Structures are given as structure tokens and as C-alpha cells.
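Below is one structure; the comments refer to it alone.
What you see is a predicted model; the values in this text were computed from it and never measured.
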Amino acid sequence: MLDSYSDVLTINDTAEALRLSRRSVKRLMDGGDIRYRKIGRIYRISKKSVLAYLDGYDQNDKTIR
């Protein structure tokens, strides 16, 4: 699914891959559903984090939803 994307995604990349709006992706990030790093003013999301979200894995408490 994410084969055409690099290992590190932007909010736009993530929104495109998940077919969501930027706002929805930001809500998922703010809620802790998708982990990210902010480098300067730019948010970076690992492909691993997006795949974990899709698999239903809560990265904060390490349990399956």
C-alpha cells in the first residue's frame, strides 16, 4: 500500500495515502493514534507509524484495539 512512499512521510503524504484530509491526519497525530516528530516547523511521520495505525496497534499503550 505504501510502497511508492519513502520511509518518512509528510502530513500531505499521509493524507494522500490514507485518503483523508490534512485536518483528519492532524487529529490522528494530536490524539496519539499516529506518532510523529516535529523537526523545525515540519512534521515527519514514519511509514511504520502509519502501518501500525492501520493494523490497529496503539503505540502508546502497546495493546491491540
Side-chain angles (χ1 to χ4, degrees):
M1 174 185 169
L2 298 175
D3 294 336
S4 61
Y5 294 94
S6 67
D7 290 338
V8 179
L9 308 170
T10 63
I11 292 177
N12 287 339
D13 293 337
T14 305
E16 180 181 297
L18 297 177
R19 295 190 175 135
L20 297 172
S21 68
R22 284 179 46 88
R23 177 182 244 165
S24 294
V25 172
K26 189 73 169 82
R27 282 189 197 130
L28 291 171
M29 293 165 55
D30 291 342
D33 295 309
I34 294 179
R35 294 182 64 181
Y36 66 93
R37 290 260 187 241
K38 187 174 181 185
I39 303 170
R41 296 184 324 199
I42 300 172
Y43 293 94
R44 297 295 182 198
I45 304 162
S46 71
K47 189 187 293 187
K48 180 179 170 183
S49 180
V50 175
L51 292 172
Y53 167 72
L54 291 173
D55 287 338
Y57 184 72
D58 186 339
Q59 298 176 7
N60 294 323
D61 67 8
K62 309 293 188 234
T63 59
I64 302 295
R65 290 185 188 175

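The stretch residues 3-24 participates, sequence neighbours left out, in no ring-ring contact (aromatic ring centres under 6.0 Å, His included) pair at all. Sorted by first then second residue, the ring-ring contact (aromatic ring centres under 6.0 Å, His included) pairs that include residues 17-50, not counting sequence neighbours, are Tyr36-Tyr43. Applying the salt bridge (charged side-chain N to carboxylate O under 4.0 Å, His left out) test to residues at least two apart or on different chains, none of the pairs has a partner in residues 12-23.
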Residue pair Asp33, Arg27: steps toward the side chain to side chain contact (heavy atoms under 4.5 Å, CB included) verdict: CA-CA 9 Å; Asp33 295 309; Arg27 282 189 197 130; over 6 Å; no

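Legend: residues meeting side-chain hydrogen bond (donor to acceptor under 3.5 Å, both in side chains) with Asp30, ordered by chain and number and at least two apart, are Lys26. Ser46 pairs by the side-chain hydrogen bond (donor to acceptor under 3.5 Å, both in side chains) definition with nothing, not counting sequence neighbours. With sequence neighbours excluded, the residues forming a salt bridge (charged side-chain N to carboxylate O under 4.0 Å, His left out) with Asp7 are Lys47, listed by chain and number.
Ala15 approaches Val25 most closely through the heavy-atom pair CA-CG2, 3.6 Å.
Counting heavy atoms from C-beta outward, Arg37 and Ile45 have side chains that stay 4.5 Å or more apart.
Distance check, rounded to the nearest 0.5 Å: NZ of Lys48 to CZ of Arg35 gives 8.5 Å. Annotation: the span from Leu9 atom CG to Leu18 atom CG amounts to 9.0 Å, rounded to 0.5 Å.
Screening Leu54, Leu28, Ile34 for a side-chain contact (heavy atoms from CB on, under 4.5 Å) involving Ser49 leaves a single residue, Ile34.
Leu2 and Val8 fall into different hydrophobic clusters, defined by Ile, Leu, Val, Met, Phe, Trp and Tyr side-chain heavy atoms under 4.5 Å apart, directly or through other members.
The backbone N or O of Leu20 sits nowhere less than 3.5 Å from a side-chain atom of Ser24 that would complete a donor-acceptor pair.
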